Amino acid sequence: MSVLIFIDHSDGAVKKASLEAISYGAKVAEQLGTTAEGVLLGNLNEDIASLGKYGVKKIYHVADAALDHPDPQLFTDVIAQVVEKSGAKLIVFSNNLHGKAIAPRVSAKLKAELVAGAVALPDTGNGFIVKKNVFSGKAFAFIAVNTDIKIISLNPNAFPVSQTEGASAEVVPFAATIGEPRIKLSSVNKVTGEIPLSEAEIVVSGGRGLKGPENWKILEDLAAALGAATACSRPVSDADWRPHHEHVGQTGLAIAPNLYIAIGISGAIQHLAGVNRSKVIAVINKDPEAPFFKAADYGIVGDAFEIVPKLTEAVKALKG
Ligand code: FAD
């Protein structure tokens, strides 16, 4: 009857979004009067037991090298085995890249209803009702989950990481039956030396208002001063001013940083769809009528080429 949380990691470290999912799962377990357990596939560079500080009491660990790179089909099979063994009735994922690939498969395999993109703890007072974002964050839906096994995938940045220093989890090696992978990984091309956009706390993003790729230096300087990742609107990546992995919006990456700074971006609805879950939005645009100002917490009306270098200097001065 426990809550089982999928522990997602990359380069040997647990992702922040997954720590949020662990904290969330632990809180739901407390709410349901049961225990929170984790399932970890592959290996970490850190002490696995120490993840107990986020609230998991037990971690099923499948240390097989075949699982070092996430393969959604293999992961689904192994998670299903762990669910069977543990008797978990609620499975929690982060609604991040891996969660989006694995949770629906686990849902189909276990015939367990999935609420993807949860933003709050479930209401367990009368049934099991989960709040989630719909219409690109424009509204909320409250979904009643009725199956015996339930699955929630939590939106990144929707729930804080909480920890109890010194707490540790029991690590249980799990001998899973691992089938033949149907996907063959031929190579991994990693972007190095940059803050991954999906994990970034601060994002500095540019649009067509920057006029051309040669002008991105001012945006990169600001991002470097803030320790931020860089992003862009779709026309910018379509024009090859910036790489496609920086494109945010309805047809690009959906992000939820603590601070999103939009520079020379009009704020079309398709762009907002990917960034409107940011905690704070700051907009720099020379057109006071730009729609982005309606979604902004802070706005500066003015020329980006004047404002951004001044902002960078101010940030540098503040940081000493
Ligand atoms: P523009 O609309 O050209 O806006 C440029 C802005 O820069 C203007 O507001 C202007 O006032 C300002 N500006 C100009 N010069 C300066 C200056 N010197 N200083 C300060 N400000 C200045 N778009 C996305 O971004 N992501 C998506 O995922 C996406 N998906 C889409 C899906 C569909 C099906 C469709 C139809 C469209 C999609 N779009 C998407 C495109 C979207 O509709 C907009 O066309 C796009 O977001 C506009 O990009 P932009 O704001 O960079 O450019």
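The figures here come from the full heavy-atom set of this structure, side chains too, leaving out hydrogens, waters and symmetry mates. Predicted model only: the values in this text are computed from it and were never measured. In listed order, ligands and their atoms are each counted from 1. Along the sequence shown, the residues carry numbers beginning at 1.
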Using heavy-atom distances, let me know which of [options] sits nearest [atom].
atom	options	answer
atom 23 (N) of ligand 1	Lys286, Arg234, His247	Arg234
atom 49 (O) of ligand 1	Pro235, Gly207, Cys232, Ala239	Pro235
atom 12 (C) of ligand 1	Val275, Leu272, Asn285	Asn285
atom 51 (O) of ligand 1	Ser237, Ser266, Ala254	Ser266
atom 28 (O) of ligand 1	Thr251, Asp238, Ile307, Ile284	Thr251

Result block: side-chain N/O donor-acceptor pairs under 3.5 angstrom for residues 252-273, not counting sequence neighbours:
| unit_1 | atom_1 | unit_2 | atom_2 | d |
| --- | --- | --- | --- | --- |
| Asn258 | OD1 | Lys279 | NZ | 3.4 |
| Asn258 | ND2 | Glu201 | OE1 | 2.4 |
| Tyr260 | OH | Ser205 | OG | 2.7 |
| Tyr260 | OH | His271 | NE2 | 2.8 |

*Would atom 32 (C) of ligand 1 count as contacted, meaning some protein heavy atom under 4.0 Å?*
yes

Indicate, as side chain, backbone, both or neither, the part of [X] found under 4.0 angstrom from ligand 1 when only non-hydrogen atoms are considered.
X	result
Phe305	side chain
Ala268	side chain
Ile269	neither

Check whether any heavy atom of [X] sits under 4.0 Å from an atom of ligand 1.
X	result
Leu210	no
Pro291	no
Gly252	yes

*Would you say Ala290 and ligand 1 have an N/O pair spaced under 3.5 Å apart?*
no

_Need the ligand 1 atom indices (1-based, order shown) with element for anything under 4.0 Å from a heavy-atom of Ser233._
25 (O), 49 (O), 50 (P), 52 (O)

*asked:* Show me which atoms of ligand 1 lie under 4.0 Å from any heavy atom of Asp303.
replied: 17 (C), 18 (N), 19 (N)

*Pair listing, side chain to side chain donor-acceptor pair (under 3.5 Å) test, anchored in residues 162-187, at least two apart*: none

*asked:* Tell me the closest heavy-atom pair linking Phe93 and Val106, and the distance in Å.
replied: CZ-CG2, 3.9 Å

